[in-house]
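Worksheet for the structure shown next.
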Amino acid sequence: MGDNTAQVPMTYYVALILTLMLSPIMALIVGIRELFHRSKEHDIKGEVAVITGAARGLGREIAIALAKRGCHIAVLDILEDASKETAKYLSEAFKIKAKPYKVDVSNHDELIDFHRSVIQDFGDVTILINNAGLLSLADSNPLDFEEIQKIITVNFTSHLWMNQLFLPRMKELNRGHIMAISSLSALVTAPFVQIYAPTKSAVTAYMASLRADMKSGKYGIKVTTIMPTFLNTNQQVNEFISFTGYDKWMPPIDGAGVAQQAVQAMLQGLEEITLPRIASFIFKLHGLYPTWLRDGIQGLLGAKVQVVELRNKLASQN
């Protein structure tokens with residue numbers, strides 16, 4: 001039996017050489033495609049969408065963007081009053097069917113009950129937006145176990161649960177859209193999001209795997225991952241970037257604009273986008289740097305305050 005120890009590194013060198021040789025050609029092909037190929041939006045009038053965390057913020061803005069296109073909306077959120085207000089607004093403003101559902105996405109039993117109810121109320125669901133999330137500041141200092149588990153369940157595990165509930169019927173219909181709201185923090189390192197950022201990285205990796213599964217099975221189900229930077233729809237985020245000084249070089253972007261671009265990307269069949277779009281290119285270039293240089297850049301641009309101090313400042317504002 002031969003020894004592969006010398007052959008394994010060689011395959012990486014060959015891959016590197018081929019990548020470097022083909023990169024200019026691939027860049028040209030991508031550029032031409034972007035210039036001349038503009039996918040049309042899939043018509044979703046009369047379709048049914050489920051949106052988690054839809055009562056306010058980005059979830060509400062996504063619901064509005066879909067309702068404008070004639071899509072019926074199931075407004076799922078733990079905030080009961082805000083859910084009712086959003087559903088009422090959608091129904092009256094856009095003449096579509098919208099209904100609120102008070103559900104905790106970290107409770108699997110509640111999701112099962114919701115799945116049963118929404119099918120009875122609306123029929124087949126062909127658009128699923130996993131948007132609900134918890135933002136938490138955390139470094140390497142100990143954090144309450146239940147808080148850690150809650151963040152992981154809401155930000156990541158709930159995506160698995162929701163998709164496993166609604167995907168089987170989409171496969172039977174051989175059509176549908178699944179969109180996940182991840183975050184730019186899945187790509188960019190920061191010392192104070194040691195729980196939040198990994199959950200978003202998990203979402204991005206999971207959606208890539210799901211997308212590959214749908215393609216290999218030749219299903220007509222589109223899978224889209226959105227990775228936005230800070231949004232102005234969250235007051236806590238606005239206060240955070242103000243305290244840390246991030247607003248000077250990474251100001252929050254408009255939530256309604258993000259929702260519009262996210263929905264447009266989904267309906268055009270795009271697979272992964274960062275918002276702003278240029279962030280994807282910056283991240284790819286950043287990945288070429290050695291670790292010590294990436295960490296040095298992060299040290300220069302990162303927040304100069306401690307997590308405990310940040311938490312206390314944010315708490316004093318509430």
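What's counted below: heavy atoms across the whole structure, side chains too, no hydrogens, waters or symmetry copies.
- In this structure, the side chain of Arg69 engages the main chain of Ala65 through a donor-acceptor pair within 3.5 Å.
- Between the side chain of Thr126 and the main chain of Gly176, no donor-acceptor pair closer than 3.5 Å is present.
- Distance alone, capped at 3.5 Å, is enough to place a donor-acceptor pair between the His115 side chain and the Leu165 backbone.
- Under the 4.5 Å side-chain heavy-atom criterion for Ile, Leu, Val, Met, Phe, Trp and Tyr, Ile62 and Phe166 are members of distinct hydrophobic clusters.
- Arg277 is listed as a side-chain neighbour of Gln261, based on a closest heavy-atom distance under 4.5 Å.
- In this structure, the side chain of Thr52 engages the main chain of Asn131 through a donor-acceptor pair within 3.5 Å.
- Using modelled atom types, no side-chain atom of Ser183 and backbone atom of Ala186 make a donor-acceptor pair closer than 3.5 Å.
- For Asp124, the side chain to side chain donor-acceptor pair (under 3.5 Å) partners are Arg169, not counting sequence neighbours.
- Remark: the Ser185 side chain and the Lys200 side chain contain no N/O donor-acceptor pair separated by less than 3.5 Å.
- Not one N or O on the side chain of Thr224 forms a donor-acceptor pair closer than 3.5 Å with the backbone of Met179.
- Electrostatic pairing of Glu110 and Lys102 does not count as a salt bridge here, judged by no charged N lying under 4.0 Å from a carboxylate O.
- Between Arg175 and Glu47 there is a salt bridge, since a side-chain N of the basic residue sits under 4.0 Å from a carboxylate O of the acidic one.
- Taking the six-membered ring wherever Trp is involved, the centroid distance between the rings of Tyr206 and His159 does not fall below 6.0 Å.
- A side-chain N or O of Ser280 and one of Lys284 form a donor-acceptor pair less than 3.5 Å apart.
- A donor-acceptor contact closer than 3.5 angstrom links the side chains of Tyr101 and Asp121.
- In this structure, the side chain of Lys218 does not engage the main chain of Lys215 through any donor-acceptor pair within 3.5 Å.
- Ile96 and Tyr89 fall within a single hydrophobic cluster, where Ile, Leu, Val, Met, Phe, Trp and Tyr side chains are chained together by heavy-atom contacts under 4.5 Å.
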- request: Would you check, one step at a time, whether the test salt bridge (Lys or Arg N to Asp or Glu O under 4.0 Å) holds for Glu146 with Lys150?
  value: CA-CA 6 Å; Glu146 291 184 353; Lys150 184 79 170 181; over 6 Å; no
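- One N or O on the side chain of Asp77 and one on the backbone of Ala54 form a donor-acceptor pair closer than 3.5 Å.
- The hydrophobic cluster containing Val103 also contains Leu134, counting ILVMFWY residues as joined when their side-chain heavy atoms lie under 4.5 angstrom apart, directly or transitively.
- With a 6.0 Å cutoff to the six-membered ring centre and a 45° limit on the axis angle, Lys97 counts as a cation-pi contact of Phe122.
- How far NE2 of His108 is from CE of Met162: 10.5 Å, rounded to the nearest 0.5 Å.
- With 3.5 Å as the limit, one finds no donor-acceptor pair spanning the side chains of Thr225 and Glu272.
- Counting only N and O atoms by type, the side chains of Asn155 and Thr199 include a donor and acceptor under 3.5 Å apart.
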